[in-house]
Amino acid sequence: MIKVDAAFIERVTSDPEFNATACMNCGVCTAVCPMEIELLPRKLFRYAMLGLKDKVLEHTESVYQCLLCKMCEANCGADVHIADNVRCLRGYISKEIFGL
Amino acid sequence: MPLPTGDVIGLMVDNLKRRKTVFPISPRKAAAWARDLGIPRGGETVLYTGSLYQLLPYMVAAVKNMELMENSILSRMVTVGRFFNRFINVSAFIARPSGADVKRYGGIIRNIARLLQAAGVGFGYLYEDELYAGALAYDMGADAAFEAHAKLVYDGLKQHGVRSLITIDPHTTNMLRSVYPNLIDGYDLEVKSYLEVLAATDVKPVREVSGRVAVHDSCVYARYEGVIDEPRELLTRAGYSVLEPNEARKLTHCCGGPIESLFPGTAHEIGKKRVQQLAACHADGVATMCPICMATLQKAAGAEVRIDDISGYLAKAFCEG
């Protein structure tokens, strides 16, 4: 069963750095990502915006595999601040899960 | 069994909080490169190394050990090590650098300082008072530790009366120029990379050099900070022919280094992809401008491609001796 966590949506999307809502879902970011991980970054952001906290946490390793290289951003047609958005999710995991 | 992400990050963040650096390097060792260069202590304009070049030999040594632990039962040792690292500096045993690497990376900073001196740029150095800028903690999302550290760095700079910084690597440049101002009220330091500073001078070659040099742009310089033309302009002015690999300038391909401490095997694969692009240039050498890029690509290239920091190429042309 997939659970929607409203508090998680609020927490992530209220961060001023997080603007994944501007994503047009075109998929260029995933196509140009050197990591070639299907989840990064578009699908990950969908999970976050839908409040699927468990799905995000299930992919914690992928969240930290992002190189923050901004190749995706350089090719993004919607000016999504992808690296900052990934950092937001890392900030959540580092604080809430790793206790840092 | 993969390395425990939370404990690897935690080890580095614990170090930042307790020891003011992510890897165990003493302030004396971090400042050793400057010995006998006659750089004044402090001043309004300082060369800010951010210790990244000095830390690289320690990171290289740590990654070697991480590779042995990755995907084995030994990965649990990181969790145990992190616990004891609170009391004794366990990370000092995980990251023991080779003397040759320490000398090599120190030599790069010496080249950078000599280049600035050759160009007539006046600058000081904070020696043992200089701190790591905290990029690794920022990238890993350890926001509380990073923000506290950033304020410590800024307060230290203000106490020394510093007004402008000349940085030597892209990550420190990005922290001090683009990240700190969003965290610290009234932040008023001017920050420029030494490549930008040198390119704005009329420094001329004192020795004839030649050769075909391929440029590997750092993601952070090219896409975060817009430092793209300066390295090319300086290499051309020095006398080299500049070659562009497939995926260059703003569309440069990452070296893989940013994830090396957590996923060394994957980072190595990314590095190998980039080395193939660089090898296809058939250049006499490749110039990098970030210590993380240099270390990751050198490891991936082996003897296939000669990869060196850009400062070495420039010092051959612009510096006496």
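Every chain is numbered from 1 and lettered A, B, ... according to where its sequence line falls, protein lines coming before strand lines. Hydrogens, waters and symmetry mates are skipped; everything else that's a heavy atom, side chains included, is used.
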Quiz item: For the candidates B:D139, B:I270, B:D143, B:V13, which exhibits the highest count of non-hydrogen atom pairs separated by less than 4.5 Å from chain A?
Solution: B:D139
Quiz item: Below 4.5 Å, heavy atoms only, C-beta onward: do A:L67 and B:P258 meet side chain to side chain?
Solution: yes
Quiz item: Is there a side-chain contact between A:P34 and B:H253 (heavy atoms, below 4.5 Å)?
Solution: yes
Exercise. Over all heavy atoms of both residues, which pair between A:M35 and B:T266 is shortest? Give the atoms and the distance, please.
Key: CE-CG2, 3.4 Å
Exercise. Under 4.5 Å, counting heavy-atom pairs only, tell me which of B:K250, B:K273, B:R274 racks up the most with chain A.
Key: B:K273
Quiz item: For A:K70, which residues count as a side chain to side chain contact (heavy atoms under 4.5 Å, CB included) partner, sequence neighbours excluded?
Solution: A:E73, A:A83, B:R223, B:Y224
Self-check item: chain A contact via B:E269 - which portion, at a heavy-atom distance below 4.5 Å
Solution: neither
Quiz item: How about B:E244: does its CD atom have over 12 heavy atoms from other parts shown lying under 6.0 Å from it?
Solution: yes
Quiz prompt | Contact listing (chain B partner; residues 84-100 of chain A; heavy atom under 4.5 Å) | solution = A:D84, A:R87, A:R90, A:G91, A:S94, A:F98, A:L100
Quiz item: Which atom names give the shortest non-hydrogen contact between A:Y64 and B:F263, and what distance separates them?
Solution: O-CE1, 3.5 Å
Quiz item: Side chains of B:L251 and A:N75: closer than 4.5 Å at any heavy-atom pair?
Solution: yes
Quiz prompt | Spatial distance of atom OG1 (B:T5) from atom CD (A:Q65) [nearest 0.5 Å] | solution = 8.5 Å
Self-check item: Pairs satisfying salt bridge (Lys or Arg N to Asp or Glu O under 4.0 Å), at least one member in residues 286-300 of chain B, at least two apart
Solution: B:E67-B:K299, B:E260-B:K299
Quiz prompt | Which portion of B:Y138 sits near chain A, non-hydrogen atoms under 4.5 angstrom | solution = both
Exercise. Write out, in numerical order, the residues from residues 173-187 of chain B with a heavy atom short of 4.5 Å from a heavy atom in chain A.
Key: none
Exercise. Counting only heavy atoms closer than 4.5 Å, note whether B:S218 contacts chain A via side chain, backbone, both or neither.
Key: neither
